[in-house]
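Because the structure is predicted, anything quoted here is derived from the model rather than measured. Here, residue 1 is the first one in the sequence, and each next residue gets the next number. Values reported hereafter were calculated over all heavy atoms of this structure, with side chains retained and with hydrogens, waters and symmetry mates removed. Ligands are counted one by one from 1 in listed order, and the atoms in each one are counted from 1 as well.
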Amino acid sequence: MMAPLMSATVAIVGRPNVGKSTLFNRLVGKRQAIVHDQPGVTRDRIFGSAEVGDDQRVQLVDTGGLALAEDPLGLSRQVYAAVEESDLLLLVVDGREGLLAADRAVWDALRRYAKPTVLVVNKADTRAARETQGEFWGLGIREVLLVSAEHGAGMEELRDAIAAHAATVPTPEPPAEAAAAPPIAIVGRPNVGKSSLLNQLVGETRVLVSPMAGTTRDPIDTLIEHEGRPYLLIDTAGIRRRAQASGAPEELAVMMARRQIERAKVAVLVVDVTQGITSGDLGIAGTIWELGRAAVVAMNKWDLLDDEGRRRLEEQWPRVQELLAEPPRVNISAATGRGVAKVLPAVAQALAGFHAKLGTGEINRLFEQAVRSHPPPSRDGKEWKLYYATQVGDGPPTFMLFANRTLPRNDPYRRYLANRVREALDLWGVPVRLVVRRRHE
Ligand code: GDP
């Protein structure tokens, strides 16, 4: 069984020109961001994933890329939104210049978020840095590290410090009553109607626990019951909060969706049909797939769709079908409630597929038939032979195939086999995992 993971989000903050972007590049590893010496030049990349420990990754935000060019402190509403959504801040200062008033001003603006913070004194390779070091203690940040983002000094210590903080990020605890309820994420870009859909769902089902309940330990999730079965709608407090505080950057919202998806078994991807299917929608769809969760797509604002929009949408839909293995799709209007009653049945269907279990006899018949009707192409004059198949897990369904050879990860024949399993078991929107092991007959 897969335990739900939480990946921590780390924001790199600081006034302009202290080296935030260089540090971001360094931590992300590849040259994902372009560094310019001039202040205010927009960065190529704002978000990235950094490896900080064995098998431990964090999401990194370079807030320099979210700053307003005209703001001398490099702050903006988007920077505040990123800070609010983060678990850890890296406040970067320039060791060569020493503590400036602007550093203090940035910290004064950000400290009220009360986020764990590491002070990163950059450009520490210079002699000046060794002399100014003491000044920074005045900021009152206890954890201080000296680095050179440009030359890579101090990176190991910094990664260790990030890893230690990331390990303490609590996985939100669902209410005790929710133990048996499958967690469901409602995800999508800002303003697509997540909050409206949530309100409709809550309005038409029996709510067992909700963030509005006013309990002492305020839950962030909503536990509902539909046709006798419980569902845990996750991070509903966050959905409502973010819907109110409009203006959060779309890229940030897309990145944050990952945290919800990680906790869920099924993700309901809400799309605003008046916008068509955007790259942001596809980015979230890709994340659902990458994390191996089941998907349902809710095409929202259907009441606003005209013929031209409809034509465009149906033209774009195959992209989503391909990305998410033909997920259940519901056309809805969260504003009027039309079609909303189809959402939870679609979720139930995806969930059933996510936990589908099959007897060994049936599995072997299924794979044998698939191989017979479309034999695998032989490679180097040697054909691929399947001996035996067995299911080794569910959530998502995972099958182990014993054969005379393994199949490369991207072998089209894998996709073919997975699709046959999908068709036979109605696993729409559900990933099917195949593990191929080599065995001598
Ligand atoms: P969120 O940011 O994804 O939670 O989006 P909201 O639920 O806050 O919705 C954004 C805006 O779209 C609000 O003004 C809603 O009233 C509006 N909206 C949401 N769903 C629909 C819909 O189905 N039809 C129409 N016409 N408007 C909608």
Side-chain angles (χ1 to χ4, degrees), residues 66 77-78 80-82 84-85 172 183-205 207 210-212 219-222 224 231-261 263-264 266-288 295-310 312-314 316-317 320 327-347:
L66 297 169
R77 211 163 71 183
Q78 307 203 339
Y80 294 127
E84 189 166 8
E85 298 285 346
I184 312 299
I186 298 174
V187 293
R189 298 181 299 109
N191 287 315
V192 293
K194 297 180 296 297
S195 177
S196 309
L197 172 59
L198 174 68
N199 290 337
Q200 290 284 350
L201 288 174
V202 162
E204 70 167 31
T205 55
V207 177
S210 93
M212 307 307 180
I220 63 164
D221 306 329
T222 300
I224 59 169
Y231 297 92
L232 186 70
L233 304 177
I234 63 176
D235 192 32
T236 51
I239 292 173
R240 290 208 168 92
R241 177 166 48 79
R242 282 188 286 269
Q244 275 158 20
S246 61
E250 166 157 334
E251 282 165 294
L252 186 66
V254 170
M255 188 173 109
M256 292 307 156
R258 173 179 281 267
R259 291 154 64 109
Q260 271 85 64
I261 297 165
R263 287 186 61 210
V266 178
V268 178
L269 173 61
V270 184
V271 173
D272 177 347
V273 294
T274 66
Q275 313 254 305
I277 291 160
T278 68
S279 61
D281 299 328
L282 294 174
I284 299 176
T287 304
I288 297 171
V296 166
V297 179
M299 294 291 194
N300 189 35
K301 307 196 188 179
W302 201 258
D303 54 301
L304 299 179
L305 197 60
D306 58 17
D307 288 347
E308 171 56 22
R310 173 88 196 248
R312 180 180 59 169
L313 189 70
E314 300 309 338
Q316 295 168 327
W317 172 240
V320 180
R329 163 179 159 179
V330 288
N331 301 331
I332 66 169
S333 172
T336 67
R338 250 192 96 201
V340 168
K342 293 178 291 184
V343 173
L344 287 176
V347 166

Quiz prompt | Distance-only side-chain donor-acceptor flag, N199 / R240, under 3.5 Å | solution = yes
Quiz prompt | NZ or CZ of R329 within 45° of W317 ring axis and under 6.0 Å | solution = yes
Quiz item: Do Q260 side-chain atoms and A185 backbone N/O form a donor-acceptor pair below 3.5 Å?
Solution: no
Exercise. Sort out the contact shell of ligand 1: every protein residue with a heavy-atom distance below 4.0 Å, listed by chain and number.
Key: R189, P190, N191, V192, G193, K194, S195, S196, A243, N300, K301, D303, L304, S333, A334, A335
Practice problem: Indicate yes or no for a side-chain donor-acceptor contact from N300 to the backbone of V192 under 3.5 Å, with no hydrogens or angles considered. | Solution: yes
Self-check item: D306 atom CG: more than 12 heavy-atom contacts under 6.0 Å
Solution: yes
Quiz prompt | For D281, side-chain contact (heavy atoms from CB on, under 4.5 Å) partners two or more places apart | solution = R189, V271, I277, T278
